[in-house]
Amino acid sequence: MGILERVLARADADPAVLGVILTGSQARGTAGAWSDYDVVIVVAEQTVPWRHATRTAELDEVVCTPDALADTSVHWQRYAYRGARVLLDRLDGGIANLVERQAVLSNEEAGQHARTALDAYINQLYRAVKSHRDGRAEAAYLDEMESVPWLLETVFALFGRLRPYNKYLQWELEQFPLPGDWNAALMPERVFAQAFALFPAVEALARHHGHADVLDAWQSDIELIRTFAAGSRLPAARNQSLAVRSQGGRWEPGSRRRRPASDG
């Protein structure tokens, strides 16, 4: 009997278990030789929230309640449910709905997170520009590298999506492509060196999505970023093709609709 079969057999025999969720690389079909099984067991009640029941080289098992699973306030944790597979659902689809809610931002959440991430992205680029201006090349490099996560957070939020964990960035872009040249621009082998080059396109995307006030609040300081970005700008045709498309007031990934998070 395999690992998942043992987990499910134990869950089937325990009436307190309401659901079993497989997350991580095993759920997404990207498992390698060192991959374990990441499993969330949903129970009716527990005294210690998010208790680790098992943590071995083969199985990482966490236990939570439906209320804990419904809590979307921990932003970094939410991407774990992107592509998750619900293996047991004793709430007649309730577990699947909670998983989907974790994996998909609401319009309000996406808008607020885009604003926060955009401001942080600009801040890191501004720090990098000042370090370059002051002849601190190493500091400038570190500042530019720190801007990349905020760049990713910003763009994905502007498209109504959670930023993937770094190891799943390529998987996310391949499974749920972004429109225009965004997909190619954000691939892991390219995005780390394009924090400044992508700024004009990010600025245009943010303004299109109604966040001009975040950019304009930087007043003349943002001109330093624009000037520096001009020296590393992508070809004009590529910047123009980093276009956006809106369907029903919500950003969609190109011509492909968002798949349910439980599809795996």
Side-chain angles (χ1 to χ4, degrees), residues 75-76 105 107-164 166 169 172-173 178-246 249-254:
H75 185 84
W76 67 265
L105 292 171
N107 286 332
E108 182 179 356
E109 288 171 334
Q112 184 55 54
H113 190 64
R115 294 175 66 82
T116 300
L118 175 62
D119 196 53
Y121 171 51
I122 296 170
N123 180 59
Q124 283 303 137
L125 289 185
Y126 181 58
R127 289 174 179 273
V129 168
K130 290 194 297 180
S131 292
H132 276 295
R133 180 194 61 190
D134 298 341
R136 296 185 169 93
E138 294 83 2
Y141 177 77
L142 291 174
D143 288 330
E144 189 171 347
M145 290 302 97
E146 284 192 51
S147 75
V148 174
W150 292 115
L151 162 63
L152 292 169
E153 293 277 2
T154 300
V155 174
F156 275 100
L158 288 171
F159 284 107
R161 291 159 62 172
L162 292 165
R163 171 202 163 190
N166 291 333
L169 177 56
E172 175 76 20
L173 294 171
L178 293 171
D181 279 348
W182 282 111
N183 229 53
L186 298 187
M187 280 292 178
E189 68 274 14
R190 301 183 67 175
V191 69
F192 77 94
Q194 297 196 127
F196 275 107
L198 286 172
F199 179 74
V202 174
E203 179 177 6
L205 183 66
R207 289 185 181 279
H208 181 90
H209 205 37
H211 302 305
D213 60 312
V214 177
L215 293 145
D216 295 341
W218 284 84
Q219 300 180 356
S220 61
D221 290 338
I222 205 167
E223 289 300 331
L224 290 174
I225 299 174
R226 291 183 182 130
T227 300
F228 195 88
S232 55
R233 186 171 295 174
L234 298 171
R238 282 204 57 208
N239 262 324
Q240 291 171 3
S241 70
L242 290 174
V244 296
R245 173 163 50 185
S246 176
R250 185 166 179 80
W251 298 109
E252 296 292 347

Check: L178 and R161 side chains under 4.5 Å, non-hydrogen atoms: yes
Y121 side-chain N/O to T116 backbone N/O, donor-acceptor pair under 3.5 Å: no
Nearest non-hydrogen partners of L105 and E109, listed with the distance: CA-OE1, 3.5 Å
Non-neighbouring partners of E203 that pass salt bridge (Lys or Arg N to Asp or Glu O under 4.0 Å), sequence neighbours left out: R207, R226
In a table with atom names and distances, give each donor-acceptor pair under 3.5 Å that connects a side chain of residues 122-137 to protein atoms at least two apart or in another chain.
residue, atom, partner, partner atom, Å
Q124, NE2, D143, O, 3.4
Y126, OH, D221, OD1, 3.3
S131, OG, R127, O, 3.1
S131, OG, D143, OD2, 3.2

Closest non-hydrogen atom pair, A185 against Q194: O-NE2, 3.1 Å
T154 (side chain) donor-acceptor with A117 (main chain) under 3.5 angstrom: yes
Pairwise side-chain contact, H75 with E153, heavy-atom cut-off 4.5 Å (strictly under): yes
Side chains of L205 and W182 in contact at under 4.5 Å (non-hydrogen atoms): yes
Contacts of type side-chain contact (heavy atoms from CB on, under 4.5 Å), residue P188, not counting sequence neighbours: L169, Q170
Side-chain touch W150/L118, heavy atoms, less than 4.5 angstrom: no
Spacing of S147 atom OG and F192 atom CZ [to the nearest 0.5 Å]: 12.5 Å
Whether over 12 other heavy atoms sit under 6.0 Å from E138 CD: no
All side-chain contact (heavy atoms from CB on, under 4.5 Å) counterparts of A114, not counting sequence neighbours: A157, L158, H211
CA sep, side-chain torsions, deciding dist, call: W218, I225, side-chain contact (heavy atoms from CB on, under 4.5 Å): CA-CA 10 Å; W218 284 84; I225 299 174; 5.7 Å; no
Straight-line distance of L198 CG to L152 CG, nearest 0.5 Å: 9.5 Å
Rounded distance (nearest 0.5 Å) linking atom CG of L151 with atom CG of L186: 6.0 Å
NE2-CD distance between H113 and E108, expressed to the nearest 0.5 angstrom: 14.0 Å
